[in-house]
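See below for the structure under consideration.
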Amino acid sequence: MPPTEDQQPIRGTASFSKFVRVLQFVADAPGRVSVTDIAQATGIPRPSAHRIVSALLQEGMLAEQAGMRGLALGSRLISLAYRSWDELELRRVARPHIEKLNQHLDETVHLAINAGSEMVYVDKLESRRAVRMTSRLGTRVSLHASAVGKAWLAAQPVDRQHELTAGLALSSFTPHTITDHQKLDAEIALTRERSYALDLQESELDICCYGKAIVGSGQVLGCVSLSLPRYRFDELAPETALTAIENCVSGIAQDMSRQLGL
């Protein structure tokens with residue numbers, strides 16, 4: 001019996017599937033990605049992979065990482081994802097808690113989720129002070145040089161964390177950025193031991209951050225950071241900052257578990 005109209009394969013489905021596989025591989029990859037990597041991982045012939053990557057670059061779905069000879073998700077794809085962030089449950093549930101943290105310490109607070117080898121800010125509240133850290137929703141920050149990135153790495157199982165850090169290209173953003181894999185592993189081990197992360201001018205000069213992962217029922221849901229100018233970081237008692245951040249992330253985790261049944 002010939003297939004009915006509903007059973008007929010949609011024309012172009014196979015090609016679309018290949019495009020999605022390429023995008024998914026780039027999103028999940030912990031480090032630099034090349035066309036050869038894509039072809040080997042997806043089974044797509046290299047000439048076809050090259051054509052797919054070229055098309056995705058042209059449409060802004062992929063972007064070439066400056067100075068890294070690799071590929072990353074493009075600004076157009078991030079923009080499309082941003083439109084759905086208002087519906088993101090984590091953002092909705094976390095909002096009251098990050099508002100409380102922001103109001104309590106009057107410093108910039110970020111909510112971030114993982115995007116392969118980077119973290120993406122899905123919500124933020126800026127300090128009301130004249131001197132403050134400014135950022136945009138959708139900003140991508142590295143795993144190795146950001147507080148949210150290091151907090152996320154430290155929340156992974158140790159074997160998985162080592163696998164991820166080994167694949168990272170440790171680009172230098174400031175003289176303080178960790179660019180040695182052994183030093184990074186030691187930093188993540190310390191972060192895991194003390195249960196919070198620090199960014200000491202590693203991503204931007206004169207900006208320091210505390211970071212902590214949001215963990216619910218064994219799942220790493222995201223991370224929260226508190227970002228402030230270096231001079232106010234030195235003035236703020238660590239126990240004050242850490243208590244406030246802990247209250248924030250634990251409140252988010254509890255509400256996520258209660259509302260979503262995690």
Side-chain angles (χ1 to χ4, degrees), residues 85-116 118-128 132-133 135-158 160-161 164-165 187-200 202-203 207-228 232-233 236-262:
W85 285 343
D86 281 338
E87 303 300 321
L88 191 68
E89 282 298 298
L90 176 62
R91 186 182 183 197
R92 182 183 66 79
V93 171
R95 186 70 185 207
H97 298 283
I98 67 172
E99 284 180 345
K100 185 176 180 180
L101 177 58
N102 170 256
Q103 292 166 5
H104 177 47
L105 296 179
D106 196 9
E107 299 293 357
T108 298
V109 178
H110 292 107
L111 176 68
I113 60 174
N114 178 252
E118 297 173 303
M119 302 292 288
V120 178
Y121 293 151
V122 295
D123 204 357
K124 63 138 191 175
L125 291 167
E126 290 187 0
S127 168
R128 293 167 292 281
R132 64 186 185 274
M133 179 185 180
S135 61
R136 295 180 296 104
L137 287 179
T139 294
R140 300 166 67 93
V141 294
S142 67
L143 292 180
H144 71 285
S146 67
V148 287
K150 288 192 278 187
W152 185 83
L153 284 170
Q156 306 304 310
V158 176
R160 176 59 176 157
Q161 176 255 302
L164 290 168
T165 53
E187 173 75 5
I188 301 306
L190 177 59
T191 297
R192 185 179 291 112
E193 180 181 345
R194 66 192 176 197
S195 78
Y196 67 89
L198 289 174
D199 166 5
L200 301 177
E202 295 161 55
S203 187
I207 296 293
C208 296
C209 308
Y210 290 99
K212 193 167 179 66
I214 307 164
V215 181
S217 300
Q219 299 183 52
V220 187
L221 307 174
C223 296
V224 169
S225 69
L226 184 75
S227 305
L228 57 165
R232 288 208 301 270
F233 177 87
L236 180 63
E239 58 270 21
T240 299
L242 294 170
T243 298
I245 296 170
E246 172 59 34
N247 290 339
C248 177
V249 298
S250 62
I252 296 169
Q254 290 170 12
D255 283 355
M256 286 289 286
S257 297
R258 181 164 52 249
Q259 295 186 36
L260 304 181
L262 293 176

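Hydrogens, waters and symmetry mates play no part in the numbers below; they use all other heavy atoms, side chains included.
With hydrogens and angles ignored, the 3.5 Å screen pairs no side-chain donor or acceptor of Asp255 with any backbone N or O of Ala94. Formation of a donor-acceptor pair under 3.5 Å by the Asn102 side chain with backbone atoms of Thr108 is not found in this model. For the pair Arg91 (side chain) and Asp123 (backbone), a donor-acceptor distance under 3.5 Å is absent.
Val158 is listed as a side-chain neighbour of Arg192, based on a closest heavy-atom distance under 4.5 Å. The shortest side-chain heavy-atom distance between His144 and Ile188 does not fall under the 4.5 Å cut-off.
Annotation: the span from Arg160 atom CZ to Thr165 atom OG1 amounts to 10.0 Å, rounded to 0.5 Å. Remark: Met256 CE to His97 NE2 distance equals 10.5 Å, nearest 0.5 Å. Atoms CD1 and CG, from Ile207 and Leu200 in turn, are 12.0 Å apart once rounded to the nearest 0.5 Å. Within the model, atoms CG of Leu111 and CD1 of Ile214 stand 5.0 Å from one another, a figure rounded to the nearest 0.5 Å. Going from atom CZ of Phe233 over to atom CG of Asp199 covers 9.0 Å, rounded to the nearest 0.5 Å. The structure places NZ of Lys150 at 9.0 Å from OG of Ser142, a figure rounded to the nearest 0.5 Å.
A side chain to side chain contact (heavy atoms under 4.5 Å, CB included) with Met119 is found for exactly one of Leu153, Val148, Ile113, namely Val148.
Between Ile252 and Ile98, the shortest heavy-atom contact is CD1-CG2, 4.4 Å. In this structure, Gly116 and Leu143 approach most closely via the heavy-atom pair O-CD1, 3.8 Å. Across all non-hydrogen atoms, the minimal contact from Ala147 to Cys209 is CB-CB, 3.8 Å. Among all heavy-atom pairs drawn from Ser203 and Ala145, the shortest one is CB-O, 3.4 Å. Across all their heavy atoms, Ala115 and Arg140 have their closest contact at O-NH2, 4.0 Å. Closest non-hydrogen pair, Val220 versus Ala213, comes out as CG1-CB, 4.4 Å.
Shown here are the ring pair (Phe, Tyr, Trp, His ring centres under 6.0 Å) partners of Tyr196, two or more places apart in sequence or in another chain: there are none. When the side-chain hydrogen bond (donor to acceptor under 3.5 Å, both in side chains) test is applied to Glu99, the partners found at least two apart in sequence or on another chain are Arg95. Not counting sequence neighbours, the partners of Ala241 by the side-chain contact (heavy atoms from CB on, under 4.5 Å) test are Tyr210, Leu226, Leu236. Legend: residues meeting salt bridge (Lys or Arg N to Asp or Glu O under 4.0 Å) with Arg194, ordered by chain and number and at least two apart, are Glu187. Under the side-chain hydrogen bond (donor to acceptor under 3.5 Å, both in side chains) criterion, Asn114 pairs with no residue, sequence neighbours left out.
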Checking side-chain contact (heavy atoms from CB on, under 4.5 Å) for the pair Leu105/Thr240: CA distance, chi angles, key distance, verdict? CA-CA 9 Å; Leu105 296 179; Thr240 299; 4.0 Å; yes
Test side-chain contact (heavy atoms from CB on, under 4.5 Å) applied to Arg232 and Ser127, step by step: CA-CA 12 Å; Arg232 288 208 301 270; Ser127 168; 4.0 Å; yes
What side-chain donor-acceptor pairs closer than 3.5 Å can you find for residues 242-251, not counting sequence neighbours?
unit_1	atom_1	unit_2	atom_2	d
Thr243	OG1	Glu239	O	2.7
Glu246	OE1	Lys212	NZ	3.2
Asn247	ND2	Thr243	O	3.3
Ser250	OG	Glu246	O	2.8
Ser250	OG	Asn247	O	3.2

